[in-house]
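Presented below is the structure to which this report refers.
These figures come from a predicted structure and were not determined experimentally. Computation of the quantities below employed the complete heavy-atom set of this structure, encompassing side-chain atoms and omitting hydrogens, waters and symmetry-equivalent molecules.
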Amino acid sequence: MKTFCGRANPTTGAMEWLEEDENYDYHQEIARSRYADMLHDKDRNEKYYQGIRAAVNRVKERGEKAIVLDIGTGTGLLSMMAASAGADFCYAVEVFKPMANAAVKIVEKNGFRDKIKVINKHSTEVTVGPDGDMQCRANILVTELFDTELIGEGALPTYEHAHKYLVQEGCEAVPHRATVYVQLVESKRMWAWNKLFPVHVEAEDGEKIIVSPSEMENCPGVPSVCDIQLNQMPSNDFTVLSDVLTMFSVDFSKPVRSASTYYRVQLEPVKSGKAQIVLSWWDIDMDPSGMINCTMAPYWVKPTSTFQWRDHWMQCVYFLPNEEPVLQGEKLYLIASRDEYSLWYKLQKDRGEEKNKAEVLVESPVCRCQAHLLWNRPRFGQLNDKNRTLQYIKSLMKVLKTDSVCLCISDGSLLPVLAHYLGAKQVFTLENSAVSCSVMEKFFKANHLDDKIKIIEARPELLTSSNLENKKVSVLVGEPFFTTSLLPWHNLYFWYARTAVTGHLTSDVTILPQSASLHMMIVEFQDLWRIRSPCGTCEGFDVQTMDDMINNSLNFRESKEAEPHPLWEYPCKSLSDPQEVLTFDFRKTVPQHCLRTKGSVNLLRKGKSHGAVLWMEYYLAADISVSTGLVQISNEKGNCEWNPHCKQAVYFFSSVIESETLSDLPSAVTYAINFDTKTGEIAMDFKLS
């Protein structure tokens with residue numbers, strides 16, 4: 001059997017379906033999973049263990065047998081905790097087959113074969129009765145079905161079904177309850193991930209301002225949550241407008257309803273400002289008294305607590321449908337609406353009880369302007385980066401002439417507008433999709449440029465002379481940015497597109513950017529290493545089988561590949577200087593042969609070499625470049641500042657070398673990097689020498 005998997009092809013800029021081995025999906029799922037991160041989450045594990053012990057004791061004190069149902073068991077960890085806490089029997093439900101198989105092995109290895117039954121089914125398919133999966137209903141319900149948004153992994157319908165069919169009335173539940181908290185803030189930085197701000201251009205004939213279409217201004221955006229490591233957001237990047245409010249709680253020991261609903265809380269701003277963002281997180285009480293609490297609260301809410309780093313549960317950023325001016329002390333209502341899997345928010349001014357109730361809309365927000373479908377949140381941030389835009393303006397001013405015929409190749413870029421305002425005689429933009437065509441059309445119209453810039457919806461290799469009105473292109477520009485790019489070098493699709501349109505270029509064409517280079521640096525991560533680090537034992541249980549399983553899946557393919565991470569959220573320090581390892585000259589066409597490089601990079605600081613970070617730099621014109629990676633190494637310790645609008649590529653080393661002193665440092669890391677021009681992919685290998 002084969003399976004088809006979608007992958008971005010960097011040579012065509014398109015998503016393509018590739019035939020893969022039937023196990024590929026399993027391996028992808030396991031290799032990319034956050035199981036290791038969860039097993040390393042000591043706070044979570046300890047609190048679950050305490051909560052499970054307490055629940056088992058409460059049942060035993062009533063003179064009952066403790067029968068546990070563990071939904072989404074994963075490694076079987078929570079079931080083993082229950083069994084060692086004295087539970088009489090545990091039913092451990094896991095729908096993902098490779099995981100269920102691993103749980104069986106782990107349970108057996110730890111000596112709980114007679115106490116734990118692993119059921120490889122979705123919990124809604126589990127049967128109860130003499131011939132069923134479970135002999136009887138459970139009186140303790142243990143689950144870990146939560147994501148950053150709490151309900152995004154289907155916790156509510158799962159609990160609803162379990163209470164109806166799988167557990168006794170009045171059962172114990174671990175966790176016992178979850179509570180969602182919110183805080184209203186103003187933040188230009190975060191609001192820039194959702195709206196496009198006006199762009200100011202100093203042209204020869206005065207200042208021009210690029211504005212958004214009104215439907216983009218008024219668009220509520222997409223309903224998907226923006227989950228980030230809020231603990232990496234500096235306090236000067238947002239202004240708190242309200243106290244922390246309890247939005248709603250769910251008691252998991254009682255029947256749960258998953259049907260769409262809304263919650264409303266009253267708030268009085270503690271400061272006047274522009275209400276733009278709702279920050280949100282949750283905590284879970286493992287016991288009814290709330291003494292065993294596990295919280296996702298960010299640093300400014302619980303400044304005294306020592307923080308448990310975790311990547312499987314973070315914090316949420318929700319964008320209000322519109323920016324609303326609020327006054328200190330005025331009476332407002334914040335409304336959270338939800339369906340089975342997601343939440344969204346709106347702010348309501350106090351207009352009397354009846355009017356307020358009539359105004360509550362429970363429909364999920366839908367993007368009407370299409371820009372939120374074309375651009376993800378980091379892309380909005382990138383387009384709003386004034387400094388970055390200025391580099392393109394300066395470069396265009398250097399290369400454009402009054403007779404320039406300009407062609408732009410990027411997905412939904414503002415470069416065509418900049419080129420027009422800065423004096424190009426004629427501007428064409430090549431858009432790869434109907435969505436980007438539609439968005440650019442609206443943009444040009446809003447800025448009265450619909451008759452000045454021509455949109456061509458075609459693939460570069462299908463471009464015709466008549467598309468270009470029989471003109472030759474003298475300036476070819478790109479950011480480059482393409483929506484299908486996952487890793488930094490995938491935007492080299494610009495090079496392939498440039499090669500495809502060669503016949504339409506003048507002999508002395510100017511290409512902007514003229515070239516690009518791949519850079520690399522060896523780093524020690526503060527915490528991100530945990531997602532790839534073996535666990536060995538967890539709360540006294542042997543989970544080596546899980547480590548082996550992840551390792552096996554990584555070796556299937558993943559460990560030879562880099563993976564994208566937004567490193568502004570994941571602190572690290574550099575152990576080497578940044579190094580340029582490959583260059584790509586866009587003034588020439590893509591060569592037929594592979595580009596290979598070998599070399600070594602010296603380690604300058606002591607620390608743990610967790611991996612290499614790779615990123616691209618684009619050379620726009622003489623002395624002007626933009627980086628998608630390192631902004632600066634900010635101090636002698638090697639702390640790094642990263643471009644916040646791009647994901648960098650991280651290649652985790654399979655073994656970590658720890659160097660306490662410079663004398664016992666491996667002197668260097670050797671590397672071999674191969675850019676396959678046929679596939680547009682980069683293969684790499686590193687050795688610590």
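- Rounded to the nearest 0.5 Å, atoms CD1 (Ile71) and NE2 (His161) are 8.5 Å apart.
- A search for ring pair (Phe, Tyr, Trp, His ring centres under 6.0 Å) contacts involving Phe252 returns Phe146, Tyr159, not counting sequence neighbours.
- Residues Met549 and Pro98 have side chains in contact (heavy-atom distance under 4.5 Å, counting atoms from C-beta outward).
- Thr537 contributes no side-chain N or O that, together with a main-chain N or O of Gly540, makes up a donor-acceptor pair within less than 3.5 Å.
- Residues forming a ring pair (Phe, Tyr, Trp, His ring centres under 6.0 Å) with His176 (at least two apart in sequence, or on another chain): none.
- Applying the salt bridge (Lys or Arg N to Asp or Glu O under 4.0 Å) test to pairs two or more places apart or on separate chains, those with a residue in residues 533-543 are Lys42-Glu539, Lys109-Asp542.
- Remark: side-chain polar atoms of Asn45 are paired, donor with acceptor, to backbone N or O of Leu39 under 3.5 angstrom.
- Scanning for side-chain contact (heavy atoms from CB on, under 4.5 Å) contacts around Val244 gives Tyr181, Gln183, Trp281, Val301, with sequence neighbours left out.
- Looking only at distances, no side-chain donor or acceptor of Arg338 sits under 3.5 Å from a matching main-chain atom of Ile151.
- At least one donor-acceptor pair closer than 3.5 Å links the side chain of Tyr91 to the backbone N or O of Gln135.
- Between the side chain of His122 and the backbone N or O of Thr124 there is at least one donor-acceptor pair closer than 3.5 Å.
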Practice task
Kindly determine whether Thr127 and Asp133 satisfy side-chain hydrogen bond (donor to acceptor under 3.5 Å, both in side chains), including the steps that lead there.
Solution key: CA-CA 5 Å; Thr127 56; Asp133 301 308; 3.2 Å; yes
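- Proximity of Leu343 to Phe248: side-chain heavy atoms (C-beta onward) are separated by under 4.5 Å at one or more points.
- Note on residues 215-230: pairs passing side chain to side chain donor-acceptor pair (under 3.5 Å), not counting sequence neighbours, are Gln229-Asp311.
- Between Ile67 atom CD1 and Phe89 atom CZ the span is 8.0 Å, to the nearest 0.5 Å.
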Using residues 74-84 as the side-chain source, report each donor-acceptor pair under 3.5 Å to any protein atom, sequence neighbours left out, with the distance given to one decimal.
| residue | atom | partner | partner atom | Å |
| --- | --- | --- | --- | --- |
| Thr75 | OG1 | Leu77 | N | 3.3 |
| Ser79 | OG | Asp70 | OD2 | 2.8 |
| Ser84 | OG | Tyr49 | OH | 2.9 |
| Ser84 | OG | Met80 | O | 2.8 |
| Ser84 | OG | Met81 | O | 3.2 |

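- Cys316 places none of its side-chain heavy atoms less than 4.5 Å from the side chain of Leu279.
- By the ring pair (Phe, Tyr, Trp, His ring centres under 6.0 Å) test, Tyr341 pairs with no residue at all, sequence neighbours left out.
- Asp251 and Ser253 share a side-chain donor-acceptor pair at under 3.5 Å.
- Cation-pi contact between Arg177 and Trp282: absent, since separation from the ring centre below 6.0 Å together with deviation from the ring axis within 45° is not met.
- The line from CG of Leu334 to OG of Ser242 is 8.0 Å long, rounded to the nearest 0.5 Å.
- With hydrogens and angles left out, the side-chain atoms of Gln276 and Glu323 include a donor and acceptor closer than 3.5 Å.
- A donor-acceptor distance shorter than 3.5 angstrom exists from the side chain of His40 to the backbone of Ser533, with no hydrogens or angles considered.
- A donor-acceptor contact shorter than 3.5 Å links the side chain of Thr295 to the backbone of Ala297.
- Applying the side-chain contact (heavy atoms from CB on, under 4.5 Å) test to Pro378 and every residue at least two apart in sequence or in another chain returns Asn376.
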Problem - Full working for salt bridge (Lys or Arg N to Asp or Glu O under 4.0 Å) between Asp43 and Arg310 - result: CA-CA 10 Å; Asp43 178 60; Arg310 41 174 77 94; 2.9 Å; yes
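- Evaluation of the ring pair (Phe, Tyr, Trp, His ring centres under 6.0 Å) rule for Phe380 yields His372, Trp375 as partners, not counting sequence neighbours.
- Counting heavy atoms from C-beta outward, Leu320 and Ile277 have side chains that stay 4.5 Å or more apart.
- Comment: Glu563 does not engage Lys647 in a salt bridge, judged by the lack of any side-chain N to carboxylate O separation of less than 4.0 angstrom.
- Rounding to the nearest 0.5 Å gives a distance of 11.0 Å between CG of Leu267 and CD of Gln348.
- Using cut-offs of 30° and 60° on the angle between ring planes, the pair Phe525 and Phe652 is tilted.
- Between Trp191 and Phe319, the ring planes are tilted. Angles from 30° to 60° get that label.
- Residue pairs satisfying the ring pair (Phe, Tyr, Trp, His ring centres under 6.0 Å) criterion with at least one member in residues 123-144, sequence neighbours excluded, are absent.
- No salt bridge links Lys65 with Asp88; every basic N to acidic carboxylate O contact stays at or beyond 4.0 Å.
- Between Phe238 and Trp300, the distance separating the two ring centers is shorter than 6.0 angstrom.
- Side chains of Gln266 and Lys331 form a contact here, defined as non-hydrogen atoms less than 4.5 Å apart.
- Judged purely by atom type and a 3.5 angstrom limit, Arg377 has no side-chain atom pairing as donor or acceptor with the backbone of His645.
- Pairs of residues two or more places apart, or lying in two chains, that qualify as salt bridge (Lys or Arg N to Asp or Glu O under 4.0 Å) and include a residue from residues 49-58 are Arg58-Glu172.
- When only modelled atom types and interatomic distance are considered, Gln370 and Ser438 share a side-chain donor-acceptor pair under 3.5 Å.
- With rounding to the nearest 0.5 angstrom, the CG atom of Leu150 is 8.5 Å from the CD1 atom of Ile284.
- One side chain, Asp548 or Gln544, offers a donor N or O that lies under 3.5 Å from an acceptor on the other.
- At least one donor-acceptor pair under 3.5 Å links the side chain of Lys60 to the backbone N or O of Gly86.
- Under a 3.5 Å cut-off, the side chain of Asp37 and the backbone N or O of His312 do form a donor-acceptor pair.
- Atoms CG and OG, from Asp339 and Ser258 in turn, are 9.5 Å apart once rounded to the nearest 0.5 Å.
- Each salt bridge (Lys or Arg N to Asp or Glu O under 4.0 Å) pair with one or both residues in residues 135-161, not counting sequence neighbours, appears once here: Arg44-Glu144.
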